[in-house]
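Below you'll find the structure, written out as structure tokens, and then a few comments.
For ligands, and for the atoms within them, numbers begin at 1 and follow the listed sequence.
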Amino acid sequence: MEIKKVGVVGCGLMGSGIVEVCARAGYDVVVREVDESLLAKGLERVRASLLKAVARGKATQEQADQALSHIRGTLDLADLADCDLVIEAAVENMAVKKEIFAALDGLLAPHAILASNTSSLCITEMASVTKRGDKVLGIHFFNPVPVMPLIEFVRTILTSDETMRIARQFGASLGKTMVVAKDTPGFIVNRLLIPYLLDAVRLYEEGLATREDIDTAIQLGLNHPMGPLTLLDFVGLDTTLYIADAMFEEYKDPRFAAPPLLRRMVLAGRLGRKSGKGFYEY
Ligand code: CAA
Ligand code: NAD
């Protein structure tokens with residue numbers, strides 16, 4: 001089986017990046033959002049990122065135009081019916097993801113692969129609402145998708161060797177480096193990243209240092225591209241909270257328990273860059 005057409009569900013921060021890298025690799029891409037304004041915003045993010053790639057010399061104008069010509073937006077999930085691979089990148093919520101997986105299982109051809117870009121949720125549970133458990137896996141990209149070189153594959157006990165082979169071929173076609181993890185909450189990267197980010201919020205909450213000093217300490221003391229509070233704003237405080245809650249729910253380990261400040265910032269609409277305000281203002 002060869003992948004020709006890719007479906008993406010959700011055109012937020014991650015979905016738009018996934019659409020971009022797939023279109024740049026020459027796949028036809030159809031992306032589904034829940035309403036016109038979110039779809040327009042998501043497609044605009046793709047356009048802006050391609051423009052930036054041209055400005056930075058990472059793509060020619062012709063390549064950017066070519067990529068855009070491969071992309072189609074829709075509000076109707078049925079428009080993904082002829083995709084060979086669908087990558088779900090909707091909100092980090094199991095009920096939403098299961099509804100999408102069940103609907104897609106009924107729409108897609110028998111050969112099609114169903115993947116989730118979830119940061120922490122159980123891929124086996126998503127597979128359980130389909131009749132194609134052997135063709136379900138996690139394809140976890142990193143933010144910003146066009147720049148971050150990694151894909152983390154999540155293989156369940158049902159995922160077949162053939163599905164893994166096709167997924168690897170697909171990842172290689174995007175120019176990504178791939179690692180494989182078992183279906184456990186947070187996989188490799190977020191199992192390590194989330195307790196670190198939550199601890200940074202705890203330090204700030206305790207008044208140990210200013211937000212700037214916490215970030216500068218990590219950026220310059222450990223040579224990280226971003227300090228943890230800047231990274232939290234970048235990932236989205238809502239998404240981080242949903243990930244922490246999902247991991248705490250499974251492990252019951254206090255390392256994954258969301259600090260009160262994080263939950264309150266999300267309740268107050270301070271979601272980070274995406275809402276214009278998080279630990280910093282944008
Ligand atoms: N397309 C292609 N290339 C692009 C691009 C685009 N749209 N935008 C930028 N680039 C390239 C630039 O040309 C540049 O490349 P060179 O170094 O070769 O010149 C590089 O990407 C960096 O770009 P910028 O100079 O614009 O940006 P920067 O140096 O300020 O870095 C950053 C920005 C890459 C985001 C950096 O700050 C960073 O790596 N931050 C940490 C990001 C991170 O940790 N992400 C993971 C989050 S966790 C996650 O994703 C998992 C989860 O489940 C929550
Ligand atoms: P986001 O909030 O930016 O985007 C989610 C989008 O999904 C929204 O635009 C929403 O309208 C849309 N959506 C919700 N339900 C939908 C449905 N039924 N059909 C179509 N679209 C729907 O979130 P994000 O940061 O892009 O995260 C998406 C997924 O990727 C989550 O599972 C998250 O955990 C994961 N992830 C996030 C990051 C990150 O750094 N933000 C990194 C890796 C993985």
Protein contact to atom 50 (O) of ligand 1 [nearest heavy atom, distance to 0.1 Å]
Asn143 N, 3.0 Å
Between the CG atom in Asp238 and the CG atom in Leu241, the distance rounded to the nearest 0.5 Å is 8.0 Å
Enumerate the atoms of ligand 2 whose separation from the nearest heavy atom of Lys97 is less than 4.0 angstrom.
31 (C), 32 (O)
Minimum distance, heavy atoms only, to atom 49 (C) of ligand 1: which one of Phe187, Phe142, Phe234 is it?
Phe142
Do any N/O atoms on Glu88 end up under 3.5 angstrom from N/O atoms on ligand 2?
no
Shortest non-hydrogen pair, Ala167 vs Met178, comes out as O-SD, 4.4 Å
Below a 4.0 angstrom heavy-atom separation, can you tell me which part of Leu50, side chain or backbone, both or neither, approaches ligand 1?
neither
Name the one of Ile123, Val129, Val9 that satisfies side-chain contact (heavy atoms from CB on, under 4.5 Å) with Phe101?
Val129
Are any of the side-chain heavy atoms of Tyr242 and Asn93 separated by less than 4.5 Å?
no
Just verifying a value: how many Å separate Lys176 NZ and Phe153 CZ, rounded to the nearest 0.5 Å?
11.5 Å
Does ligand 1 have a heavy atom under 4.0 Å from the side chain of Met148, from its backbone, from both, or from neither?
side chain
I'd like to check whether His140 has a polar contact with ligand 2, where a contact means an N/O of the residue lying under 3.5 Å from an N/O of the ligand.
no
Does at least one non-hydrogen atom of Phe142 fall below 4.0 angstrom from an atom of ligand 2?
no
Geometry only, no angles: is Glu92 polar-contacting ligand 2 at N/O separations under 3.5 Å?
yes
Heavy-atom closest contact (Lys131 atom, Asp105 atom, distance)
N-OD2, 2.8 Å
Is there a path of hydrophobic side-chain contacts, each under 4.5 Å between heavy atoms of I, L, V, M, F, W or Y residues, that connects Leu104 with Val30?
yes
Surrounding CD of Glu99 (heavy atoms of other residues, nucleotides or ligands, distance under 6.0 Å), is the total greater than 12?
no
Minimum heavy-atom distance between Thr74 and Leu39, given as atom pair plus value:
N-CD2, 3.7 Å
Distance filter under 4.0 Å to Thr239 heavy atoms, resulting ligand 2 atoms
25 (O), 33 (C), 34 (O)
Distance from atom 25 (O) of ligand 2 to nearest protein heavy atom, with residue and atom:
Leu13 CB, 3.6 Å
Scan the protein's non-hydrogen atoms and note whether one is under 4.0 Å from atom 16 (P) of ligand 1.
yes
Give a yes or no on whether atom 28 (P) of ligand 1 lies under 4.0 Å from any heavy atom of the protein.
no
heavy-atom search around atom 13 (N) of ligand 2 in the protein gives Ala90 CB, 3.9 Å
When you measure from atom 42 (C) of ligand 2 to every protein heavy atom, which one gives the shortest distance, and what is it?
Met14 SD, 3.4 Å
Is the closest N or O pair between Lys274 and ligand 2 shorter than 3.5 Å?
yes
Is at least one protein non-hydrogen atom found at under 4.0 angstrom from atom 52 (C) of ligand 1?
yes
Heavy-atom distance from atom 13 (O) of ligand 1 to the protein below 4.0 Å?
yes
Pair Thr239, Glu92: side-chain N/O donor-acceptor within cut-off below 3.5 Å:
no
I'd like to know if Leu77 and Ile87 are part of one continuous hydrophobic network [Ile/Leu/Val/Met/Phe/Trp/Tyr, side-chain heavy atoms within less than 4.5 Å].
no
May I ask you to identify, for Pro144, whether its side chain, its backbone, both or neither come under 4.0 Å of ligand 1 on a heavy-atom basis?
side chain
Minimal heavy-atom distance between Leu43 and Gly73, with the atoms involved, is CD1-CA, 4.3 Å
Can a salt bridge be assigned to the pair Lys5 and Asp82 using a cut-off of 4.0 Å between side-chain N and carboxylate O?
yes
Would you say atom 38 (C) of ligand 1 has a protein heavy atom nearer than 4.0 Å?
yes
Considering only heavy atoms, does Leu193 approach ligand 1 within less than 4.0 Å through its side chain, its backbone, both, or neither?
side chain
Atom 30 (O) of ligand 2: nearest protein contact (heavy atom, Å)
Asn117 ND2, 3.0 Å
Say whether Ala89 and ligand 2 are in contact under the criterion: heavy-atom distance to a ligand atom below 4.0 Å.
yes
Judged by atom type as modelled, is there a donor-acceptor pair below 3.5 Å linking the side chain of Glu33 to the main-chain atoms of Gly10?
no
For atom 32 (C) of ligand 1, is the nearest protein heavy atom under 4.0 Å away?
no
Got a sec: does the CD of Glu62 have more than 12 other heavy atoms crowding it under 6.0 Å?
no
Protein heavy-atom partner closest to atom 11 (O) of ligand 2 - residue, atom, separation in Å
Glu33 OE1, 2.8 Å
Give me the nearest non-hydrogen protein atom to atom 18 (O) of ligand 1 as residue plus atom name, then the distance to 0.1 Å.
Lys58 NZ, 2.6 Å
Atom 17 (C) of ligand 2 has as its nearest protein heavy atom Val34 CG1, 3.6 Å
Using a strict 4.0 Å cut-off to heavy atoms of Thr118, name the atoms of ligand 2 that fall inside it.
32 (O)
Contact atoms of ligand 2, heavy-atom distance to Leu38 under 4.0 Å:
11 (O)
Approximate separation, where rounding is to 0.5 Å, of Asp84 CG and Asp28 CG:
10.0 Å
Can you list the atoms of ligand 2 that are under 4.0 Å from a heavy atom of Ser119?
33 (C), 34 (O), 35 (C), 36 (N), 37 (C), 43 (C), 44 (C)
Return the closest protein heavy atom for atom 7 (N) of ligand 1 as residue, atom name and distance.
Ser49 OG, 2.7 Å
Atom indices of ligand 2 within 4.0 angstrom of Val9 heavy atoms, with elements
19 (N), 20 (C)
Can you check whether Ile100 has an N/O within less than 3.5 Å of an N/O in ligand 2?
no
Val235 N/O under 3.5 Å from ligand 2 N/O:
yes
Lys/Arg-Asp/Glu bridge criterion (N-O < 4.0 Å) met for Arg155, Asp161
yes
How long is the gap from CG on Leu231 to OH on Tyr196, to the nearest 0.5 Å?
7.0 Å
Give, for atom CD1 of Ile18 and atom CD of Glu88, the distance between the pair rounded to the nearest 0.5 Å.
9.0 Å
Under 4.0 Å between a Lys/Arg side-chain N and an Asp/Glu carboxylate O for Glu44 and Arg47?
yes
Rounded to the nearest 0.5 Å, what separates atom CZ in Arg255 from atom CZ in Arg202?
10.0 Å
Suppose I only count heavy atoms of Pro146 and a 4.0 Å limit; which atoms of ligand 1 are within that range?
1 (N)
For atom 19 (N) of ligand 2, what's the nearest protein heavy atom and its distance?
Arg32 NH1, 3.1 Å
Any N or O of Asn190 that comes nearer than 3.5 Å to an N or O of ligand 1?
yes
Which is closest to atom 21 (O) of ligand 1 in terms of heavy atoms, Val147, Leu13, Thr118?
Val147
Distance only, no hydrogens: is a donor on one side chain within 3.5 Å (strictly under) of an acceptor on the other, for His140 and Asn117?
no
Could you check atom 4 (O) of ligand 2 against the protein and tell me its nearest heavy-atom contact, residue, atom and distance included?
Gly12 CA, 3.3 Å
